[in-house]
Amino acid sequence: MNRRSFIQKTGLLTTTLFVSLKSFSAFSLLDSDNKINGQVTSKGKGIANVVVSDGFNVVQTDKNGNYTIEVNALAKFIWISTPSGYEFTTDSFLAKHYEQLASKTTLNFELKAMKVDDHKHNFIIWADPQVKNKKDVEKMMATSVPDTKKVINSMGKIPVHGITVGDIVWDNHDLFEDYNKAVVEMGIPFFQCLGNHDMDYRMGGDETSDKTFREHYGPTYYSFNRGRAHYVVMDDVRYLGVERTYDGFITQAQLDWLAKDLKYVAKDALIIVNLHIPVHNSVKNNKDLYAVLKGFTNVHIMSGHTHYNRNVITDGIFEHNHGAVCGAWWTGPVCEDGTPRGYGVYEVNGTELKWYYQPTGLSRKEQVHIYVDELTNQKRLIANVWNWDPKWKVEYFLDGKAMGEMENQKGYDPETVKLYKGDTLPAGRTFPEPHSTEHLFVAHFAPSVKKVKVVATDRFGEKFEAEFNG
């Protein structure tokens, strides 16, 4: 019987039990009441109302920036939820808002005030770079990184940060260092979520599966702020103790922490929840997360994992399930649903959020791929609008004549059907296959038509066009 099972079965949950089971714990060196004190300052002056947490308890600094927190015996870090108006603390552009628990009973945090107003800011979502070897790294560094740098540079002086929503690597944890170099190259603060391919196997259960990740990136769940947006990073990958076996699940400890964290957040704030496995259909206890978020009127979830792009609204919560940076595991130019490999770009103005999907190596105006095939006595037009949601409008024109809106259908992108066949894929990566998608649109027309145009208008009124001349 493992330690957790023993505790659950016997009901014993005392500080003495934990100390006896984990000798030389950092907590044995703290005060007997396991409290840590500290101060959050900027230029030597204390900052009030900064949220401080150990992942279990959540407190705020007083008017002088001082805090006292009782540390849970299972905690590994103390971190601050960086307040609006202050720069993110980083180490080589990797978020460093935390301190590892050690023998100290005092942990202080120093922040630097931003020189610009952060109510307007941008952020980038990378999902699944998932590099397995140096060849994958070379592809990432030659394509995804310079493309992202180009987008960042086009933003001017507006504050921008990045979040990678898991599967940073593909089981090869030595490549974390290569990802870290990519972050340095992109030159903006980056936060990281734990993905199923970022976990340690053969080291025990879920409690130890994030050991290497934590050594590189710190806690697996926490929060931070920028402008009127409150960002939350969570771990929704539960390792089941057998190699490569996991499910989508958010631990009760995280849910309890989140409920405490959100007590310090306005109900009308923009809430951005970042995690790896999509919540709406793949997290077993997703209703528990939705319950904690209930009452907040502007919530967006950022996820990855699937290697396709999908937008879903559940109980008023908008989930952006992103196409992969690596596409179909670096085997081709598109994900399994025909979405080009790429990443999400988000623009925040107060509590308003706008977004688009940036296809790697292509113009941001390229948001539609169209295909025309011949059927009996007619032709068929298929448009793949990969970042579609129900507020988009997809229209088509035949030889310059407006024909109205296209019919939304679920199906397979024609390019993926051609690309992802076992006999054409590289050895060792024959598993990519076409995935059905909800963002296809279909129309039929006479063979005599020569020119076809599709105009897709997103929820923000921006138009994207694609043409076919045959």
Does some side-chain heavy atom of [Y] sit less than 4.5 Å from a side-chain heavy atom of [X]?
{"X": "F176", "Y": "I168", "result": "yes"}
{"X": "V299", "Y": "F318", "result": "no"}
{"X": "C326", "Y": "V131", "result": "no"}

Please check if the number of heavy atoms outside [X] that lie under 6.0 Å from its [atom1] is greater than 12.
{"X": "Q378", "atom1": "CD", "answer": "yes"}
{"X": "K267", "atom1": "NZ", "answer": "yes"}
{"X": "K120", "atom1": "NZ", "answer": "no"}
{"X": "K393", "atom1": "NZ", "answer": "no"}
{"X": "N469", "atom1": "CG", "answer": "yes"}

If every non-hydrogen atom of [X] is compared with every non-hydrogen atom of [Y], which pair is closest and at what distance?
{"X": "V184", "Y": "S92", "answer": "CG2-O, 3.4 Å"}
{"X": "G327", "Y": "C335", "answer": "CA-SG, 3.8 Å"}
{"X": "F441", "Y": "M406", "answer": "O-CE, 3.2 Å"}
{"X": "V233", "Y": "C193", "answer": "CG1-SG, 3.8 Å"}

Does [Y] have [X] sitting over its ring (NZ/CZ under 6.0 Å from centre, angle to axis within 45°)?
{"X": "K453", "Y": "F397", "value": "yes"}
{"X": "K365", "Y": "F464", "value": "yes"}
{"X": "K294", "Y": "Y290", "value": "no"}

Pair D171, R244 - check salt bridge (charged side-chain N to carboxylate O under 4.0 Å, His left out), show working. CA-CA 9 Å; D171 302 331; R244 303 178 192 280; 2.3 Å; yes
Could you verify whether a donor N or O on one side chain and an acceptor N or O on the other, from [X] and [Y], lie under 3.5 Å apart?
{"X": "H230", "Y": "N225", "result": "yes"}
{"X": "Q130", "Y": "H307", "result": "yes"}
{"X": "T437", "Y": "N384", "result": "no"}
{"X": "S209", "Y": "D200", "result": "no"}
{"X": "H276", "Y": "D167", "result": "yes"}
{"X": "T143", "Y": "R341", "result": "yes"}
{"X": "N196", "Y": "H305", "result": "yes"}
{"X": "E319", "Y": "T314", "result": "no"}
{"X": "N387", "Y": "N311", "result": "yes"}
{"X": "N286", "Y": "H280", "result": "no"}
{"X": "T89", "Y": "K96", "result": "no"}
{"X": "Y179", "Y": "Q192", "result": "yes"}
{"X": "D268", "Y": "T297", "result": "no"}
{"X": "T148", "Y": "W126", "result": "yes"}
{"X": "D118", "Y": "S84", "result": "no"}

Is the ring centre of [X] less than 6.0 Å from the ring centre of [Y]?
{"X": "W257", "Y": "F56", "result": "no"}
{"X": "Y371", "Y": "F468", "result": "no"}
{"X": "H161", "Y": "F88", "result": "yes"}
{"X": "Y222", "Y": "Y98", "result": "no"}
{"X": "F431", "Y": "W329", "result": "yes"}

Start with the C-alpha gap between D413 and K418, add the side-chain angles, then the distance that decides, and say whether salt bridge (charged side-chain N to carboxylate O under 4.0 Å, His left out) holds. CA-CA 9 Å; D413 177 83; K418 293 178 180 178; over 6 Å; no
With distance as the sole test, does [X] use its side chain to make a donor-acceptor pair with the main-chain N or O of [Y] at under 3.5 Å?
{"X": "W170", "Y": "D128", "result": "no"}
{"X": "N309", "Y": "G323", "result": "yes"}
{"X": "T306", "Y": "Y308", "result": "yes"}

Using a strict threshold of under 4.0 Å (side-chain N to carboxylate O), is an ion pair present between [Y] and [X]?
{"X": "E215", "Y": "K211", "value": "yes"}
{"X": "K450", "Y": "D399", "value": "no"}
{"X": "D247", "Y": "K284", "value": "yes"}
{"X": "E462", "Y": "R364", "value": "yes"}
{"X": "E185", "Y": "K149", "value": "yes"}
{"X": "R214", "Y": "D210", "value": "yes"}

Should R380 and D373 be marked as a salt bridge (charged side-chain N to carboxylate O under 4.0 Å, His left out) after you check the CA-CA gap, both sets of side-chain angles, and the distance that decides it? CA-CA 5 Å; R380 178 176 60 184; D373 55 6; 2.7 Å; yes
Gap between atom OH of Y412 and atom CD of E433 - 0.5 Å precision: 8.0 Å
May I have the step-by-step check of side chain to side chain contact (heavy atoms under 4.5 Å, CB included) for D337 and R310, ending in yes or no? CA-CA 9 Å; D337 65 339; R310 189 183 186 205; over 6 Å; no
Would you check, one step at a time, whether the test side chain to side chain contact (heavy atoms under 4.5 Å, CB included) holds for L375 with K379? CA-CA 5 Å; L375 305 177; K379 290 184 178 181; over 6 Å; no
Please report the C-alpha distance between K134 and D178 in whole Å, then the side-chain angles of each, then the deciding distance to 0.1 Å, and finally whether the salt bridge (charged side-chain N to carboxylate O under 4.0 Å, His left out) criterion is met. CA-CA 9 Å; K134 290 294 186 179; D178 293 274; 2.9 Å; yes
Given side-chain hydrogen bond (donor to acceptor under 3.5 Å, both in side chains), test T360 with D147 step by step and report yes or no. CA-CA 6 Å; T360 300; D147 193 271; 4.8 Å; no
Kindly determine whether I272 and V232 satisfy side chain to side chain contact (heavy atoms under 4.5 Å, CB included), including the steps that lead there. CA-CA 6 Å; I272 309 291; V232 177; over 6 Å; no
Among Y343, Y231, W355, the one residue meeting ring-ring contact (aromatic ring centres under 6.0 Å, His included) with F123: Y231
Going by the ring-ring contact (aromatic ring centres under 6.0 Å, His included) test, name the single residue among H369, H322, H320 that passes it with W386. H369
Would you sort out whether Y217 and N180 count as a side chain to side chain contact (heavy atoms under 4.5 Å, CB included), showing the intermediate values? CA-CA 10 Å; Y217 308 115; N180 295 349; 2.7 Å; yes
